[in-house]
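These numbers come from the heavy atoms of this one structure, side chains and all, not from hydrogens, waters or symmetry mates.
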Amino acid sequence: MIWYIVRRLLQMIPVFLGATLIVYLLAFAASGDPILTLAGDKPISPAVEQQLRAQYNLDKPVIIQWLIYLGNVVRLDFGVGFNGRPIADQIAAAFPVTIRLAIIAVIVETVFGVIAGVISGLRKGKLIDTTLLILSLLVIAVPTFVLGFVAQFILGVKLGIAPINVGRDPSWQNLLVPGFVLGAVSFAYVLRLTRTSIAETVGADHVRTATAKGLSRGGVVTKHILRNSLIPVVTFIGADLGALMGGAIVTESIFNIPGVGTLLFRSINAGEAPMIVSLVTLLVIIFLLSNLIVDLLYAVLDPRIRYAK
């Protein structure tokens with residue numbers, strides 16, 4: 001197991017380097033001259049322009065800029081944005097909010113999706129199965145911004161049981177409705193994945209053997225059906241965690257949440273290349289680590305899986 005983790009960590013290095021290089025090139029080289037974007041319509045003197053280029057290492061080749069950036073990241077130094085504020089401080093204010101939002105969304109999609117998928121898979125072809133499948137298709141078909149506005153209007157405007165806008169420094173309670181909205185589409189996919197895996201596993205030989213031995217229905221479902229059916233679900237949730245962290249732009253915009261999605265959207269509009277690169281770098285790290293955790297969970301869910309030294 002230890003050697004497997006070490007090998008996977010080493011494999012992450014070229015992935016991390018390649019991803020950050022592509023993002024850096026897109027953010028700096030392909031987006032025009034950042035200094036001209038920073039200046040806007042106001043002309044700047046050559047001396048000020050030279051000073052700004054030296055401050056942000058823009059007077060060096062792009063590859064050298066990227067290497068300098070990687071060196072600073074290793075020291076947890078993300079530098080200063082074009083707005084003059086330290087990037088680390090802005091990220092530190094936004095990330096905890098999005099982490100709380102993503103945790104609620106993951107709990108929603110995992111708990112409700114797995115439970116509904118198990119019920120649907122064990123009763124394949126029955127009324128409850130058809131109802132849940134139609135519900136999942138409906139959730140997938142409706143865009144996230146529509147779900148957000150509907151939840152905001154009904155729960156916030158009509159019923160008054162949830163805040164319309166979350167605002168600054170939101171609590172866990174204020175993030176419940178946005179978390180449900182963010183996890184709704186993933187809930188539908190988890191439901192369908194679990195349902196398919198359960199329906200396939202029910203007819204497996206080891207399940208019939210366990211039933212023939214006289215094990216209770218609950219024991220057969222939890223130990224022999226559900227456990228062996230969760231591998232594709234865990235794979236999806238692990239990949240979805242990174243998407244939830246970076247893809248909450250729509251949800252955060254609807255509910256006015258000052259998280260990573262909002263910060264990334266504003267940085268793109270303002271041409272804040274240093275902030276864009278720093279945010280995407282952290283999201284790449286989260287995605288790589290979540291996939292490593294998913295791979296380790298495979299052996300926990302399926303004892304037949306063993307990691308070679």
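Transitive grouping of hydrophobic side chains (ILVMFWY, heavy atoms separated by less than 4.5 Å) brings F149 and V157 into a common cluster. In the hydrophobic cluster analysis, where Ile, Leu, Val, Met, Phe, Trp and Tyr join through side-chain heavy atoms closer than 4.5 angstrom, L289 is grouped apart from L76. By the rule that hydrophobic residues join a cluster once side-chain heavy atoms approach within less than 4.5 Å of another member, L138 and L132 end up as members of one cluster. Cluster membership check: V106 shares its hydrophobic cluster with L176, using side-chain heavy-atom separations under 4.5 Å among Ile, Leu, Val, Met, Phe, Trp and Tyr. No single ILVMFWY cluster, assembled from side-chain heavy atoms under 4.5 Å apart, contains both I128 and L133.
Looking at heavy atoms from C-beta onward, W172 lies in side-chain contact with I103 at the 4.5 angstrom threshold. Two residues are said to be in side-chain contact when any heavy atoms from C-beta on lie closer than 4.5 Å; L282 and F78 meet this criterion. Taking 4.5 Å as the limit, every side-chain heavy atom of T131 sits out of range of all side-chain heavy atoms of L135. The shortest side-chain heavy-atom distance between P61 and I64 falls under the 4.5 Å cut-off.
The number of heavy atoms from other shown groups lying within 6.0 Å of CZ (F95) is above 12.
In this structure, S278 and P274 approach most closely via the heavy-atom pair OG-O, 2.9 Å. L292 and M12 get closest at one heavy-atom pair: CB-CE, 3.3 Å. G121 and R195 get closest at one heavy-atom pair: N-CG, 3.6 Å. Closest heavy-atom contact between A151 and V177: CB-CG1, 4.0 Å. Taking both residues in full, the closest heavy atoms of I254 and T144 are given as CD1-O, 4.4 Å, listed atom of the first, atom of the second, then distance. Counting all heavy atoms, side chain and backbone alike, T194 lies closest to V118 at CG2-N, 3.8 Å.
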Inset, instruction - Any chance you could lay out the side chain to side chain contact (heavy atoms under 4.5 Å, CB included) test for V190 and T110, step after step, and finish with the verdict? - result: CA-CA 7 Å; V190 170; T110 302; 5.9 Å; no

Inset, instruction - Before giving the answer on side chain to side chain contact (heavy atoms under 4.5 Å, CB included), spell out for V15 and Q11 the whole-Å C-alpha distance, their side-chain angles and the decisive distance to 0.1 Å. - result: CA-CA 7 Å; V15 177; Q11 292 173 353; over 6 Å; no

Inset, instruction - Please step through side chain to side chain contact (heavy atoms under 4.5 Å, CB included) for the pair L21 and I63, ending with a clear verdict. - result: CA-CA 8 Å; L21 176 60; I63 298 299; 4.1 Å; yes

Inset, instruction - Determine, stepwise, if the pair E109 / F236 fulfils side chain to side chain contact (heavy atoms under 4.5 Å, CB included). - result: CA-CA 11 Å; E109 68 180 74; F236 173 81; 4.0 Å; yes

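Side chain of N256 to backbone of E252: no donor-acceptor contact under 3.5 angstrom is found. Between the side chain of R100 and the main chain of P170, a donor-acceptor pair closer than 3.5 Å is present. D77 places no side-chain N or O within 3.5 Å of a backbone atom of V73 that could act as its donor or acceptor partner. In terms of modelled atom types and a separation under 3.5 Å, the side chain of T262 and the main chain of I257 share a donor-acceptor contact. Looking at T98, its side chain does come within 3.5 Å of a backbone N or O of V260 through a donor-acceptor pair.
Of the inter-residue distances, the one linking L147 atom CG with Q152 atom CD reads 12.5 Å to the nearest 0.5 angstrom. Rounding to the nearest 0.5 angstrom, the gap separating the CG atom in L101 from the CG atom in L175 is 5.5 Å. Here N291 contributes atom CG and I286 contributes atom CD1; the two are 12.0 Å apart, rounded to the nearest 0.5 Å. Taking OG from S120 and CG from D129, the interatomic distance works out to 3.5 Å, rounded to the nearest 0.5 Å. The distance from the CG atom of L279 to the CG atom of L263 is 5.0 Å, given to the nearest 0.5 Å. For the atom pair I91 CD1 and M275 CE, the distance stands at 5.5 Å (nearest 0.5 Å).
With sequence neighbours excluded, the residues satisfying side chain to side chain contact (heavy atoms under 4.5 Å, CB included) with F16 are T20, L70, T281, V284, I285, L288.
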Show me, pair by pair, the donor-acceptor contacts under 3.5 angstrom made by side chains of residues 179-189, not counting sequence neighbours?
unit_1 : atom_1 : unit_2 : atom_2 : d
S186   : OG     : D240   : OD1    : 3.4
S186   : OG     : D240   : OD2    : 2.7

